[in-house]
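Worksheet: one structure, shown below.
We name chains A, B, ... by the order of the sequence lines, and we start the count at 1 in each one. Scope of the values below: all heavy atoms of this structure, side chains included, with no hydrogens, waters or symmetry mates.
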Number of protein chains: 2
Amino acid sequence: MTETARTPAPTPQVTPEHRELLDQVLDKWSLQILDVLCESPRRFNELRRAIPAVTQKSLTSALRRLERNGMVDRVIVSTRPVAVEYRIAALGTTLQDLIDALLSWSATNLAAVNDARERFDDQADSGGTPP
Amino acid sequence: MTETARTPAPTPQVTPEHRELLDQVLDKWSLQILDVLCESPRRFNELRRAIPAVTQKSLTSALRRLERNGMVDRVIVSTRPVAVEYRIAALGTTLQDLIDALLSWSATNLAAVNDARERFDDQADSGGTPP
DNA sequence: CGGGATCCTGCACGATACTG
DNA sequence: CAGTATCGTGCAGGATCCCG
């Protein structure tokens, strides 16, 4: 500790494990799944309806991964025609604020990003290779 | 507006566009790229060294996407043997806090997640289908 | 040094059908 | 209803070569 450890960096280093974890939590559907589950517990088909673009397979695999990572709990409610409820787990709630922040960030900056995209695409096919 | 619009939800709805944007910013490499670029501007091969696992192609495409989305600026420094510098753009800095939060979240919860994974995997092959 | 062009591969994701 | 099983596919991503 002779070195001045004054680096304010709260992120010492990003190991592959960290990346993997974030990948599994921030993947294509997990963010939305966690978002709606934060709102209230849902059943399988309720989730499908809440996220129309997701297919059954993707939803299943995403849910299982989230369950494996301790982000959601899979609760069998009844045993009659089978009823399963997915609810946010303790670990999942630690992500809630991040998710909200992420979603509101995207809402806030979507316009600016679209603007940047247009500028980029414009100058792309203009100053390119004139015959 | 006869309906009580008192939902405190800061995220009205997640449109596909929002998802797409987050996907492009939180994808496999962008998070790390933005993270190291937040620290200081880097050249192409400096980035490769900073993120050893990334290949040239992935880095190139990620950088171009980030550039297109206005997250990073691509600056030609010299013209001799060609020198290019990537630096975080204005839009990119709006993400900095989120990125830090995400990375520190993963650092904080990695152990708990690994624990949850073990439990999940254990009960998976134990209570399964005994012959 | 900073990439573009190509080829190849895996696997993420979708569509469809079937089960308890 | 809540999935599992199977098949098919696109495309992200790796490896390699090459160029200004």
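Listed nucleotides: D:dG14, D:dG3, D:dC1. Nearest to the side chain of B:W29: D:dG14. The side chain of B:N45 sits closest to C:dC1 out of C:dG14, D:dA2, C:dC1. Listed nucleotides C:dG2, D:dG13, D:dA2 differ in distance to B:V84; the shortest reach to its side chain belongs to C:dG2.
The CD1 atom of B:I33 sits 10 Å away from the P atom of D:dG13 (whole-angstrom rounding). To the nearest angstrom, C1' of D:dC11 lies 13 Å from NZ of B:K28. Nucleotide D:dC1 holds its P atom 15 Å from the CZ atom of A:R42, rounded to whole Å. For B:Q56 and C:dG4, the CD to P distance is 8 Å, given to the nearest whole Å. The nearest whole Å value for the distance from the CZ atom in B:R19 to the C1' atom in C:dA12 is 13 Å. Rounded to whole Å, atom P of D:dC1 lies 17 Å from atom CD1 of A:I76. For the pair B:Q24 CD and D:dC11 P, the interatomic distance rounds to 14 Å; values are reported in whole Å. The distance from atom CG of A:D27 to atom P of D:dC11 is 19 Å, rounded to the nearest whole Å.
Residue A:F44 is grouped with residue A:V82 when hydrophobic side chains (ILVMFWY) are merged at heavy-atom distances under 4.5 angstrom, including chains of intermediate members.
Classification of A:K28 and B:D23 as a salt-bridged pair fails, no side-chain N sitting under 4.0 Å from a carboxylate O. The pair A:R117-A:D121 does not meet the salt-bridge criterion, since no charged nitrogen lies less than 4.0 angstrom from a carboxylate oxygen. Under a 4.0 Å N-O distance rule, the pair B:R87/B:E85 qualifies as a salt bridge.
Comparing B:P81 and A:F44, the nucleotide of DNA chain D nearest to each residue sits closer to the 5' end for A:F44.
In this model, the phosphate group of D:dG3 is approached by a side-chain N or O of A:R74 to a distance below 4.0 Å at OP1 or OP2. OP1 or OP2 of D:dA2 lies within a sub-4.0 Å distance of a side-chain N or O belonging to A:R43. Checking the phosphate oxygens (OP1, OP2) of C:dC1, no side-chain nitrogen or oxygen of B:Y86 falls inside 4.0 Å. Note on B:R48: every side-chain N or O is 4.0 Å or more away from OP1 and OP2 of D:dG14.
Nearest heavy-atom pair across B:P41 and B:E46 is O-OE1, 4.3 Å.
By the 6.0 Å and 45° rule, B:R19 stacks over the aromatic ring of A:W29.
At a non-hydrogen distance threshold of 4.0 Å, A:K57, A:S58 from residues 57-73 of chain A come into contact with DNA chain C.
If you run side-chain contact (heavy atoms from CB on, under 4.5 Å) between B:L22 and each of A:L110, A:L31, A:L26, only A:L31 comes through.
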